[in-house]
Structures are given as C-alpha cells and as structure tokens.
Amino acid sequence: MKKFGVPVFVSILLQGILLLPTQAQQASAPVYKDGDWWKVKVTLSRSEYQSTTVCQDLYPEYVVKIEQGNPQAYGLHAGTEEKIDCPNVLNQVLGTVVSGVETPEPLLQYLKFPLQVGQTWSSTFQQKNPGRKVGYRNININYKVISFEKVRTAKGEFDAFKIEASGWQNQSRTIHYAPQIKAIVHLNSESESRNRTVALQDFQLAQ
C-alpha cells in the first residue's frame, strides 16, 4: 500500500476542496413536469414617444405553466389569467426558443446547457433595418456566464448563474438563471430609450 506524507495528503485534500465549487457551478438542462409554474412581474420605463404593442409588454404580470408537457403563457390583469400566444414570454422566463415561429421581437438563446461559469456562446437573428420598409440585417449576440451568485427575489434568495448578453447597438442584457427552480429569476434589458426588467414573484414545482 502506498503511503503519503502529510504535505502530499494536505495538497491532495486542498485540490479536492478547490474543485468542489467548480463542479457545483454547473447545471444540466432542466426537466419540466406538468404542474410546474412561474409568475413574473414586468417593469418597463420608456420615453413618452415609444408605444407598447409587443405581447411581452401588454400585461404587468405573467404566469408560465407546464401543461401536457409544453410551456404555456398567461397574462395577468386584475387577478384574471388570460391565455396568450406569446413565445417571447416563454423565452424570457424559461430561456426557451421556439423554432419556426415569427415573433414581434427576436427569441434569444439566453441559456445553453450544460451551464457553467466562463462559458460563452453566440446566436444570430434577423432584424428589420430601421427606417426602411423592406430589408433585414443580421444581429450577432454574444453571451458569457459571468458568475454563480446569490440573487434576492420576491420569493426568496436563490443561487443563480449570471449571464451577460451583448451585440446590440446601445443595449445590453443581464440574465440570472436559477437551476433550483428551473427558470430565469431576473432579466434586465437596458438601452438609451428604455429599461425593462422581468422579475420572479412566485413559483411552484410539481412533486
């Protein structure tokens, strides 16, 4: 049997301890169940000349539910739920991208599993050329997982991956994804003309 001296043993032990945080800061793709749901609040500030017509800004609060294996969005107003077809809400709560669906605003690949600190990726979408009736331009968005940190929400504190997205002109986005509840708990988008946040208010996971 091979014997280790005290210094070697201590070195091996320290290496194991140092590896633990890195291994803990990794998340696989979530498995959703019927009965899972998340409630979020949208806070939007904009210039007086900017109108709101996109579905993800029509309600002050939204609920995303898993029903028959698929996510479904509901708009909330005065305590009433209204079922809506809004892939952008699903995108901003679960990071889900629905392929082949045309949306008022682009669906972004906020999450790429397995997630880990230091990870980078990019995605491209087409956007109409400003001020023109026809023509599109490609926008390349770059993502980076900055850290794994605690985020305080209306439902409590969660450990979350902080992801920064950049590539727009004069705009940036910060996303916090909490593996524990399988959802984005805070999303902030800033530009010269508006500041928009999507923040977790409540949730429930099926047993």
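Positions are given from 1 along the sequence. If you're wondering where the values come from, they're calculated on a predicted model, not measured in any experiment.
A donor-acceptor distance shorter than 3.5 angstrom exists from the side chain of Asp36 to the backbone of Lys33, with no hydrogens or angles considered. The backbone N or O of Ile184 sits nowhere less than 3.5 Å from a side-chain atom of Trp38 that would complete a donor-acceptor pair. Put simply, the side chain of Gln119 gets close to the backbone of Lys112: a donor and an acceptor are under 3.5 Å apart. At distances below 3.5 Å, not a single donor-acceptor pair connects side-chain atoms of Glu149 with backbone N or O atoms of His176. With hydrogens and angles ignored, the 3.5 Å screen pairs a side-chain donor or acceptor of Asp34 with a backbone N or O of Gly69.
A continuous path of Ile, Leu, Val, Met, Phe, Trp and Tyr side chains, each step under 4.5 Å between heavy atoms, connects Val198 with Phe203, placing both in one hydrophobic cluster. Both Tyr177 and Val145 belong to a common hydrophobic cluster when Ile, Leu, Val, Met, Phe, Trp and Tyr are linked at side-chain heavy-atom distances under 4.5 angstrom. In the hydrophobic cluster analysis, where Ile, Leu, Val, Met, Phe, Trp and Tyr join through side-chain heavy atoms closer than 4.5 angstrom, Trp37 is grouped apart from Val93. Put simply, Tyr143 and Ile146 are part of two different groups of oily side chains (I, L, V, M, F, W, Y) that touch within less than 4.5 Å, one to the next. Under a hydrophobic clustering in which Ile, Leu, Val, Met, Phe, Trp and Tyr are joined whenever their side-chain heavy atoms come within less than 4.5 Å, directly or via other members, Phe113 and Ile141 fall into the same cluster.
When side chains are defined from C-beta on, Tyr32 does not count as touching Leu205, because their heavy atoms never get closer than 4.5 Å. Residues Leu44 and Arg194 form a side-chain contact, since some pair of their non-hydrogen atoms from C-beta on lies under 4.5 Å apart. Within the 4.5 Å cutoff, side-chain heavy atoms of Gln171 are placed close to those of Ser189. Between Tyr59 and Leu76 there is no side-chain heavy-atom pair separated by less than 4.5 Å. When side chains are defined from C-beta on, Asn91 counts as touching Tyr110, because their heavy atoms get closer than 4.5 Å. Looking at His77 and Glu82, their side chains never come closer than 4.5 Å, going by heavy atoms from C-beta outward. Considering only heavy atoms from C-beta on, Leu94 comes within 4.5 Å of Val64 through its side chain. The shortest side-chain heavy-atom distance between Tyr62 and Ile84 falls under the 4.5 Å cut-off.
Counting all heavy atoms, side chain and backbone alike, Gln56 lies closest to Cys86 at N-SG, 3.6 Å. The minimum heavy-atom distance between Leu111 and Gly95, with the atom names listed, is CD1-CA, 4.1 Å. Of all heavy-atom pairs spanning Ile139 and Gly167, the tightest one is CG2-O, 4.4 Å. Closest approach of Gln25 and Phe148 over heavy atoms only: CG-CD2, 3.4 Å.
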Exercise. Can you list the steps and then say if Asn195 with Ser45 is a side chain to side chain donor-acceptor pair (under 3.5 Å)?
Worked result: CA-CA 5 Å; Asn195 183 16; Ser45 60; 4.8 Å; no
For this session: Test Val54 against Asn88 for side chain to side chain contact (heavy atoms under 4.5 Å, CB included), laying out the working first.
Result: CA-CA 9 Å; Val54 291; Asn88 294 80; over 6 Å; no
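Rounding to the nearest 0.5 Å places OG1 of Thr96 at 6.5 Å from CG of Leu90. Atom CD of Glu157 is separated from atom NZ of Lys150 by 5.5 Å, given to the nearest 0.5 angstrom. Here Asn140 contributes atom CG and Ser123 contributes atom OG; the two are 7.0 Å apart, rounded to the nearest 0.5 Å. Rounding to the nearest 0.5 angstrom, the gap separating the CG atom in Leu187 from the CZ atom in Arg173 is 6.5 Å. Between atom SG of residue Cys55 and atom CG of residue Asp85 there is a gap of 7.5 Å, rounded to the nearest 0.5 Å. Interatomic distance, OG1 of Thr43 versus CZ of Arg196, reported as 9.5 Å (0.5 Å rounding).
Electrostatic pairing of Glu61 and Lys41 does not count as a salt bridge here, judged by no charged N lying under 4.0 Å from a carboxylate O.
Side-chain N/O atoms of Thr197 and Asn188 include no donor and acceptor closer than 3.5 Å. Checked by atom type, the side-chain pair Asn70/Gln72 shows no donor-acceptor distance below 3.5 Å.
A cation-pi arrangement is present between Lys65 and Tyr74 under the rule of less than 6.0 angstrom and at most 45 degrees off the ring axis.
Legend: residues meeting side-chain contact (heavy atoms from CB on, under 4.5 Å) with Thr153, ordered by chain and number and at least two apart, are Val151, Lys155, Phe158, Val185, Leu200.
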